[in-house]
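Right, one structure below, let's go through it.
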Amino acid sequence: MTQKVAVLGTGKIGEALLSGMIGAGWSPADLLVTARRPERADELRARHGVVPVTNAEAAKTADTLILTVKPQDMGTLLDELAPHVPADRLVISGAAGIPTAFFEERLAPGTPVVRVMTNTPALVDEAMSVISAGTHATAEHLAHTEEIFGAVGKTLRVPESQQDACTALSGSGPAYFFYLVEAMTDAGILLGLPRDKAHDLIVQSAIGAAKMLRDSGEHPVKLRENVTSPAGTTINAIRELENHGVRAALIAALEAARDRSRELASGTKD
Ligand SMILES: NC(=O)C1=CN([C@@H]2O[C@H](COP(=O)(O)OP(=O)(O)OC[C@H]3O[C@@H](n4cnc5c(N)ncnc54)[C@H](OP(=O)(O)O)[C@@H]3O)[C@@H](O)[C@H]2O)C=CC1
Ligand SMILES: O=C(O)[C@@H]1CCC=N1
């Protein structure tokens, strides 16, 4: 039997997932989408050949519902969905912070819920998606979730107690790298390079470093040591990073992201 999958609240993450699934061979005929604004629904139809439906129609028709609205919009969406979702449907939440219990309390008793934290590299099929089962989700539900999110990158199962930490690391993670590239490009300008050249140098260095981190099998410390010559240039830069507390700042930043994820748990925090 064909499994229909609906993406509810198809914004940046929802559309990246939709696009990845179609790229991986899902038929647009088996994919349903919902949007809050009619112009957004038209855009999704034109770009992906999918038919937009209402949230209630998606709940009645699809076997799997993937909820990708902002955490603050989840309560309203669930109020709308709850009367229409039969208890045998798999509900996957892509929202930061909100625990599976939030969904289980609002949906029919026994509804299987899976929580996923993906990231924007889903747009280039390089996502890191972290998956946790709710009370009623089975191995089959987790495998189905992996199949869906596997269309846009890597997946990893973790206990739900680790989701807030994973949100800080990989969910928000791409933003830290973009921030670093932005700051390093500014440094290039200070050193007298044109912005576009500085950007290209940094981006290619980031891609090279990322590939080495993934493929070399070496520890990051070893990779950094290999760049750091005695009395050379790199160690002077590293000393400044240490002097300015960059390592401590990163640890504090990720802790703050983890704390905010915990705070979002109620689905209503501004
Ligand atoms: N952005 C990121 O890097 C990541 C985000 N996430 C999580 O993914 C989720 C989505 O984030 P993101 O894609 O960035 O957000 P977006 O705002 O781009 O997408 C959410 C979409 O949901 C729509 N929406 C809101 N309420 C409803 C409703 N009741 N019915 C139908 N559609 C609705 C919004 O409509 P409208 O356009 O009118 O606002 C919007 O298009 C969040 O929960 C976030 O925590 C997870 C990992 C990474
Ligand atoms: O900033 C946020 O809340 C979302 C969740 C992870 C990445 N972006």
Side-chain angles (χ1 to χ4, degrees), residues 6-20 32-45 47-48 50-59 62 65-85 91-100 102-103 106 113-124 126-132 145 148-149 152-156 158 162-179 253-270:
V7 181
L8 289 85
T10 319
K12 288 184 285 296
I13 290 293
E15 186 174 7
L17 190 57
L18 181 73
S19 167
L32 307 172
V33 294
T34 81
R36 188 156 53 179
R37 292 168 293 111
E39 60 274 25
R40 177 64 181 155
D42 291 345
E43 209 169 64
L44 293 165
R45 187 201 313 265
R47 282 191 198 150
H48 304 288
V50 289
V51 179
V53 294
T54 65
N55 289 324
E57 281 165 347
L65 307 175
I66 308 175
L67 313 187
T68 54
V69 300
K70 294 285 190 198
Q72 294 87 342
D73 290 327
M74 200 57 94
T76 308
L77 177 62
L78 279 179
D79 288 346
E80 196 183 333
L81 288 181
H84 307 289
V85 185
V91 175
I92 301 174
S93 165
I98 306 189
T100 52
F102 181 91
F103 299 87
R106 287 161 178 80
V113 179
V114 173
R115 176 171 168 187
V116 180
M117 177 46 53
T118 188
N119 62 15
T120 56
L123 283 164
V124 292
E126 290 288 355
M128 182 67 248
S129 303
V130 182
I131 296 174
S132 306
T145 307
I148 291 171
F149 282 84
V152 291
K154 288 194 178 206
T155 62
L156 178 71
V158 299
Q162 292 177 1
Q163 276 278 348
D164 294 313
C166 295
T167 300
L169 262 77
S170 56
S172 300
Y176 316 144
F177 291 107
F178 298 138
Y179 177 88
L254 270 69
E255 197 176 29
R258 189 277 315 269
D259 291 350
R260 180 59 183 153
S261 181
R262 284 181 178 166
E263 234 180 57
L264 288 167
S266 73
T268 54
K269 291 263 160 84
D270 284 340

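Whatever order the structure lists them in is the order used to number ligands and atoms, beginning at 1. We use all heavy atoms of the structure for the numbers below, so side chains are in, but hydrogens, waters and symmetry mates are not.
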Atom pairs, nitrogen or oxygen, ligand 1 to protein, under 3.5 angstrom:
from	atom 1	to	atom 2	distance (Å)
ligand 1	8 (O)	G94	O	3.4
ligand 1	13 (O)	K12	N	3.2
ligand 1	13 (O)	I13	N	2.8
ligand 1	14 (O)	K70	NZ	3.3
ligand 1	15 (O)	K70	NZ	3.3
ligand 1	18 (O)	K12	N	2.9
ligand 1	18 (O)	K12	NZ	3.2
ligand 1	30 (N)	N55	ND2	3.0
ligand 1	32 (N)	R36	N	3.4
ligand 1	37 (O)	R37	NE	3.3
ligand 1	37 (O)	R37	NH2	2.7
ligand 1	38 (O)	R36	NE	3.2
ligand 1	38 (O)	R37	NE	2.9
ligand 1	39 (O)	R36	NH2	2.9
ligand 1	43 (O)	V69	O	2.6
ligand 1	45 (O)	A96	N	3.0

- [ ] Work out which heavy atom in T120 is nearest to a heavy atom in P174; give both atom names and the distance.
- [x] OG1-CB, 4.1 Å

TODO: Work out which heavy atom in A35 is nearest to a heavy atom in L44; give both atom names and the distance.
DONE: CB-CD1, 4.3 Å

TODO: Give the numbers and elements of all ligand 2 atoms closer than 4.0 Å to a heavy atom of G171.
DONE: 6 (C), 7 (C)

TODO: First locate atom CG of L8, then atom OG1 of T34, and finally report the distance between them rounded to the nearest 0.5 Å.
DONE: 4.0 Å

Task: Minimal non-hydrogen separation, A58 against A6, with atom names - done: CB-CB, 3.8 Å

Open item on the list: Could you report the tightest heavy-atom contact between G97 and D164, atom names first, then the distance?
Closed with: CA-OD1, 3.9 Å

Open item on the list: Looking only at side-chain N and O atoms, does S170 offer a donor or acceptor that is under 3.5 Å from a partner on N119?
Closed with: no

Task: Taking atom 2 (C) of ligand 2 as the reference point, the nearest protein heavy atom with its distance - done: S172 OG, 4.9 Å

Open item on the list: Under 4.0 Å from atom 5 (C) of ligand 2, can you find at least one protein heavy atom?
Closed with: yes

- [ ] Taking only Lys NZ, Arg NE, NH1 and NH2, and the carboxylate oxygens of Asp or Glu, determine whether R37 and E43 approach each other closer than 4.0 Å.
- [x] no

Open item on the list: If you take the nearest heavy atom of each of A257, A168, A96, which one is closest to atom 3 (O) of ligand 2?
Closed with: A96

TODO: State, with a plain yes or no, whether a side-chain heavy atom of T118 is found less than 4.5 Å away from one of L17.
DONE: no

